[in-house]
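Each chain gets a letter, A, B and so on, in the order the sequences are listed, and its residues count up from 1.
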2 protein chains.
Amino acid sequence: MEAKPSSLTVIPRSLDHQAADVIRQQILSGSFPPGHRLIETQLAEALDLSRGTVRSALQQLTYENLVVQLPYRGWLVPPLRSQDAWELYTLRSGLEGLAARLAAMAISSEKATLLERSFQQLVDAAQRGDRNAVNEFDFGIHKTIIQLTEHRRLQQQYKIIEQQIRLYITACNTLLEFDLTEIANQHQSMVRAICCGNASLAQQIAQDHSTADGETLVNYLQELEAKNSK
Amino acid sequence: MEAKPSSLTVIPRSLDHQAADVIRQQILSGSFPPGHRLIETQLAEALDLSRGTVRSALQQLTYENLVVQLPYRGWLVPPLRSQDAWELYTLRSGLEGLAARLAAMAISSEKATLLERSFQQLVDAAQRGDRNAVNEFDFGIHKTIIQLTEHRRLQQQYKIIEQQIRLYITACNTLLEFDLTEIANQHQSMVRAICCGNASLAQQIAQDHSTADGETLVNYLQELEAKNSK
DNA sequence: CAATTGCAGATTGTCAACAATCAACAAATT
DNA sequence: AATTTGTTGATTGTTGACAATCTGCAATTG
């Protein structure tokens, strides 16, 4: 990431962190779907680690809301609830608004170029009509904005939220279908506001932007819950 | 808190959580000030627990940014940096803005009463000229707003930020000196906006509100850093 | 004498064994 | 038959021992 290419650095990563990485990947990819039970001994066996180390990994993931612990009963990938989807999207909206505001306040020509490059990728993908790429570059542009703020806590927080949103999207198998040029336009006004340094406008646009797909997901989950309760 | 008084419930809390509670308290109260080193064996001895359990507690506190881990070298209460203070206050501003918005969107007469009661406590304290109480009820009113949202993740996040802000304030020994009636007035307009259900106004006021004391803290720390670098 | 190497002490990283708790079912009781 | 009370197997909670790594200093080397 930030290591100079010449100085060959070995990033020492403790086993529990590595274990957390592996398990996280399994959850996000859908191999451990929501509702799946995780058993310490089984994971320890599979990863060829001791139970304590696996346990430590699971505790890390607890703080990312990717697993929940039921005392003396086990670990669980939390099931999908509409309440959680609502929380995720509202929180994301708030964080992105903040990020856009801060980014606009500290804009520079280098940062503007970085952001515009990120935006251009989105536009290109939209013109190609490549929905998957649009989706990915959509995430990318927001991530760029977050990074422009140089706000460690915000980056960390956002990462955790984004992870969970991805989990919800893959688990619902919902590739949201919107007008591609519309998406590009919305982003354009946001990018412009940030690059001009118009903080409050940037915040407004960013926060309003990320609500639509949130609501469709919440509605989808609410219907599912209504069906299951009957 | 929320247990019925009749049904005698024992809240089972695992030892590592209890240990985390104790250590957290020590840090927040200033017994373990920023820069203080924490040694697993010493803590284990003092708490009469095994090292593994203490270790688990420290990992929890890592996710609250109350301790940092230097691999193979130890645990540390992170020193005060102006960058962190900036992050804390900007993030808090964003979260409070979101909370005010959501609270306004879901206001009810019960919730309004709750909020106004919380506000009244602040007013009373301001009239008494009791700075300590004003400060505490100031925190209280914001906490009330957060709770009105019924947003678990927001509550959790906010709690962690508030903790750290308290740490910074006590460590700097900075009891911020502002005009008490001014504080009360600012809050009044916010409370009113929320109770009217005026979401965007409430957000605006809330987010602008919590910036002033943040900046004084950042400035104080920057001066300190400038002095130390010489 | 500067730079490197090797060693000792302190501290964390990992593990495997034992204890505590839980859920489900069988047995006993009324 | 319904309720209570053991019992058992599975799983997590906790611990103490051993391994790996870091820091600082002394010994060695050129």
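Projected onto DNA chain C by closest heavy-atom contact, A:Arg73 and A:Asp48 fall at different nucleotides, the more 5' of which corresponds to A:Asp48.
For B:Leu49, counting side-chain heavy atoms from C-beta on, the closest listed nucleotide (D:dG13, C:dT12, D:dT15) is D:dT15. Closest to the B:Tyr72 side chain, of the nucleotides D:dT21, D:dT15, D:dT12, is D:dT21. Minimum atom distance to the side chain of A:Glu40 is reached by D:dG13, of the listed C:dG13, D:dG13, D:dT11. Residue A:Arg51 places its side chain closer to C:dC18 than to any other of C:dC15, D:dT15, C:dC18.
Atom P of nucleotide D:dG9 and atom CD1 of A:Ile39 are separated by 18 Å, given to the nearest angstrom. Between the CG atom of B:Leu70 and the C1' atom of D:dT23 there is a distance of 13 Å, rounded to whole Å. Rounded to a whole Å, the CD atom of B:Gln42 is 11 Å from the C1' atom of C:dT11. Taking atom CD of B:Gln59 as the reference point, atom P of C:dT12 lies 12 Å away to the nearest angstrom. Across the protein-nucleic acid pair, B:Leu43 atom CG and D:dT15 atom P stand 14 Å apart, rounded to whole Å. Distance, B:Leu76 CG to C:dT12 P: 11 Å, rounded to whole Å. Between the NE2 atom of B:His17 and the C1' atom of C:dA20 there is a distance of 17 Å, given to the nearest Å. Atom CH2 of B:Trp75 is separated from atom P of D:dC22 by 16 Å (rounded to the nearest Å).
Residue A:Leu58 is out of contact with every strand shown, counting any heavy-atom pair closer than 4.0 Å. Counting non-hydrogen atoms under 4.0 angstrom, A:Gly74 reaches the backbone sugars and phosphates but no base. Using a 4.0 Å heavy-atom criterion, one finds that A:Leu15 contacts the sugar-phosphate atoms exclusively.
Ring-plane geometry between A:His209 and A:His187 is classed as perpendicular, the angle between the planes exceeding 60 degrees on a 0 to 90 degree scale with a lower cut at 30.
Atom CD of B:Gln83 sits in a crowded spot, with more than 12 heavy atoms from other residues, nucleotides or ligands closer than 6.0 Å.
Under the 4.5 Å side-chain criterion, counting only non-hydrogen atoms from C-beta, B:Leu66 is in contact with B:Gln164.
Evaluation of the salt bridge (Lys or Arg N to Asp or Glu O under 4.0 Å) rule for B:Glu87 yields A:Arg153 as partners, not counting sequence neighbours. Residues passing the ring pair (Phe, Tyr, Trp, His ring centres under 6.0 Å) test with A:Phe32 are A:His36, sequence neighbours excluded.
Taking 4.0 angstrom as the limit, A:Gln69 places a side-chain polar atom (N or O) nearer than this to OP1 or OP2 of D:dG13. Dashed line: the shortest gap from a side-chain N or O of A:Thr53 to OP1 or OP2 of C:dC15 is under 4.0 Å.
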